[in-house]
Structure formats: C-alpha cells, structure tokens
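Scroll down for the structure; my scribbles are underneath it.
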Amino acid sequence: MTRFFCSLLLCAGAALVWAVPLHAQTFSETQRGEIEGIVKAYLIAHPEVIQEVMTEIEKRQADAEAEKHKEGVKQYSKVLFYSPRQVTLGNPNGDVTMVEFFDYNCGFCKRALSDMVALLHDDPRLKIVLKELPVLGPESIEAARVAVAVRMEDPSGKKYLSFHQQLLGGRGPVGKERALMAALDQGLNLAALERDMASDEVRATIAENIKLASAVGISGTPGYVIGNNLLLGAVGITALRARIAAARGQRMN
C-alpha cells in the first residue's frame, strides 16, 4: 500500500473518530486516544504526506471544475458557437470552432492578438468566434459598445477584424472616443454607429456574452472555448494549436 493511501486511511480514521455521533459512539476514550496518537505520530514522521493529500484534493477539485465547465459548454453550445450576435471569422463551416472572449483594455488580450491572427491565416478549416467581454471598467464597456455597433454595420466581419486589430494592437487605454476613431478609419458612418450604440441589440449582445462567460467558467480575459474545453489566459499559440488538434481528433473518433 502506498504512503499516500496509508495517509488517507489514517486521516479517514481520525475523521471517523470525530464524525461518529455521541449517541452512536463505538470507540472508548482510550481507543480514541490511541487512534489520534497513531495519526499524529505518522504525520510527524511523514509531514510530506499532508502536501500529497492537499495536492490530490486540489487535483480532484480541478477535475470537478473542468467537468462543470464542459457541462456549461454543452448546455449553451448553440448560442456559444452560433449566436447571431457574434463575430465570425475564418471558415464559417469550419470543422473546429475557437471562441475567444476579450476586453480591449486587457494587456493579455493584446499579447494574444497575434495568436488569433496567425491561426486565422494558417488554418483554413478553423472557425473563429469573437465575443466582447468588457470586465475592466467603464471604458471597456464603451469600447465594447462601439465594437458591437461595428459588427452591426459590417456583416462580413472584414472591417471588424481591421478595427479589432487596430484597437488591440495599439497602446494605452481604449474607450469610446478611441474606438469610434478606429471605426471611422474603416470607413464606417458615425451617425449609424451612434444609432446602433443606443440600440437594444448592443445591450443584448453584451449581456449575452457576460452570461455565456459566467456559464462556462470564464471570469477574466482572454478566455477560449475550443471544442468542449476551456482555456483561460494568454496560453500561447502552441497550446491553442494543440487543443484545436485534439478537438479535431475527437470529431474523427
């Protein structure tokens, strides 16, 4: 029997001593003292097992969280991958979809921009979905409102992509004014953008994205959903490609 499982048995024994109700007590005070002494002596002799137990507990908690996230992706898959309010780039009929939640004031999102662009150019079978998730304050919300308006004025997504790259590729904070300037640089009409920004569609889009992010376990940016798996943070293009390949493999099996 491994030391880890010995430690679990000892801990379980100690827990059992304290967990049995008084009216159903089966250990005498002497027996309880002996069990506690054995557990204490073992842990003093092998303190490293406490870390082993904690590591195993953390692993099981992480596995449970990952399973919970997968269930969230499954439950909301239709709106997550096919919402009419999202921006779709790449192959609209791609065999794998990568969803990215982002904030225009997120430094890690700026760092991850080149990953998305490289995948867009290098993988003709990939569908990329962009969802605004303004979590970094009022300026982020204003920038997201402009972004949704750009999407409404540009169903093709081509101008949105240029707008997106201009904002994430630049330095400094991004708010309404800077976002509007980037939109005008794409040849979009200011009056139309301002009309769209005041619409229910913009409010509904941002609310939908916030709800989706919460449902699948994304609380910060960037956050990715690829297949039924979640990746949090600027994980890098190698990790993204590996998860895309894994998703393709699952589809083939």
Side-chain angles (χ1 to χ4, degrees), residues 55-104 106 108-136 140 144 147-148 151 157 160-161 164 168 204-253:
T55 299
E56 178 64 18
I57 291 172
E58 290 171 359
K59 179 180 180 299
R60 294 185 184 188
Q61 289 176 335
D63 290 344
E65 280 295 304
E67 193 59 35
K68 179 181 176 182
H69 296 159
K70 287 183 180 180
E71 286 301 312
V73 171
K74 182 178 179 181
Q75 181 179 355
Y76 291 94
S77 61
K78 185 174 181 179
V79 67
L80 186 62
F81 298 120
Y82 304 104
S83 172
R85 296 188 169 109
Q86 68 194 23
V87 174
T88 300
L89 304 173
N91 187 339
N93 300 310
D95 59 347
V96 171
T97 300
M98 180 182 81
V99 180
E100 179 182 353
F101 290 85
F102 66 91
D103 184 309
Y104 282 117
C106 167
F108 293 105
C109 297
K110 294 176 183 291
R111 184 186 305 175
L113 173 64
S114 60
D115 298 336
M116 186 276 290
V117 173
L119 290 169
L120 180 64
H121 291 161
D122 297 344
D123 192 338
R125 295 187 292 161
L126 181 66
K127 173 183 173 181
I128 296 177
V129 170
L130 299 179
K131 293 183 182 289
E132 302 87 358
L133 184 63
V135 294
L136 296 176
S140 292
V148 177
R151 185 263 298 169
Y160 185 100
L161 177 59
H164 183 75
L168 281 182
T205 298
I206 295 175
E208 177 181 284
N209 293 347
I210 292 172
K211 179 180 179 180
L212 278 175
S214 176
V216 301
I218 294 175
S219 57
T221 53
Y224 303 90
V225 177
I226 301 175
N228 61 354
N229 291 299
L230 189 68
L231 289 88
L232 301 177
V235 296
I237 194 166
T238 300
L240 293 174
R241 282 176 171 155
R243 195 54 61 92
I244 290 166
R248 285 200 171 106
Q250 291 173 355
R251 286 177 60 89
M252 293 175 64
N253 293 334

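- Going from atom CD of Gln86 over to atom NZ of Lys131 covers 4.0 Å, rounded to the nearest 0.5 Å.
- Phe81 places a side-chain heavy atom less than 4.5 Å from the side chain of Val225.
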Let me see the working for Lys78 and Ser83 under side-chain contact (heavy atoms from CB on, under 4.5 Å), right down to the final yes or no. CA-CA 7 Å; Lys78 185 174 181 179; Ser83 172; over 6 Å; no
Are Asp123 and Arg241 close enough, and set up right, to give a salt bridge (charged side-chain N to carboxylate O under 4.0 Å, His left out), and what steps lead you there? CA-CA 10 Å; Asp123 192 338; Arg241 282 176 171 155; over 6 Å; no
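- At least one side-chain heavy atom of Asn228 sits under 4.5 Å from a side-chain heavy atom of Gln250.
- Taking each heavy atom of Val235 and Leu232 in turn, the nearest pair found is CG1-O, 3.5 Å.
- For the pairing with Leu161, the side chain to side chain contact (heavy atoms under 4.5 Å, CB included) check across Ile128, Val87, Leu89 returns one residue only, Leu89.
- Across Asp95 and Arg248, no two heavy atoms sit closer than the pair OD2-NE, 2.8 Å.
- A 4.5 Å side-chain heavy-atom check between Cys106 and Leu136 finds at least one atom pair inside the cut-off.
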For the pair Ile226 and Leu231, evaluate side-chain contact (heavy atoms from CB on, under 4.5 Å) and give the outcome as yes or no after the intermediate values. CA-CA 8 Å; Ile226 301 175; Leu231 289 88; 4.2 Å; yes
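- Within the 4.5 Å cutoff, no side-chain heavy atoms of Leu133 are placed close to those of Asp103.
- Here the straight-line distance linking atom CG of Leu113 with atom CD of Glu100 works out to 8.0 Å at 0.5 Å rounding.
- In terms of heavy atoms, Pro222 sits closest to Cys109 at N-SG, 3.6 Å.
- A heavy-atom distance below 4.5 Å is not found between the side chains of Asn91 and Leu126.
- When every heavy atom of Ser114 is checked against every heavy atom of Arg111, the shortest pair comes out as OG-O, 3.6 Å.
- To the nearest 0.5 Å, atoms CG (Leu168) and CE (Met116) are separated by 7.5 Å.
- Leu212 approaches Tyr76 most closely through the heavy-atom pair CD2-CB, 3.7 Å.
- By the 4.5 Å heavy-atom criterion applied to side chains, Asn93 and Lys127 are not counted as neighbours.
- Taking CD1 of Ile244 as the start and CZ of Arg125 as the end, the distance is 10.5 Å to the nearest 0.5 Å.
- Between Phe108 and Thr221, the closest side-chain pair of non-hydrogen atoms is not below 4.5 Å.
- Between Leu130 and Tyr160, the closest heavy-atom pair is CD1-CE2, 4.0 Å.
- No side-chain donor-acceptor contact under 3.5 Å links Thr205 and Glu132.
- A heavy-atom distance below 4.5 Å is not found between the side chains of Arg243 and Tyr224.
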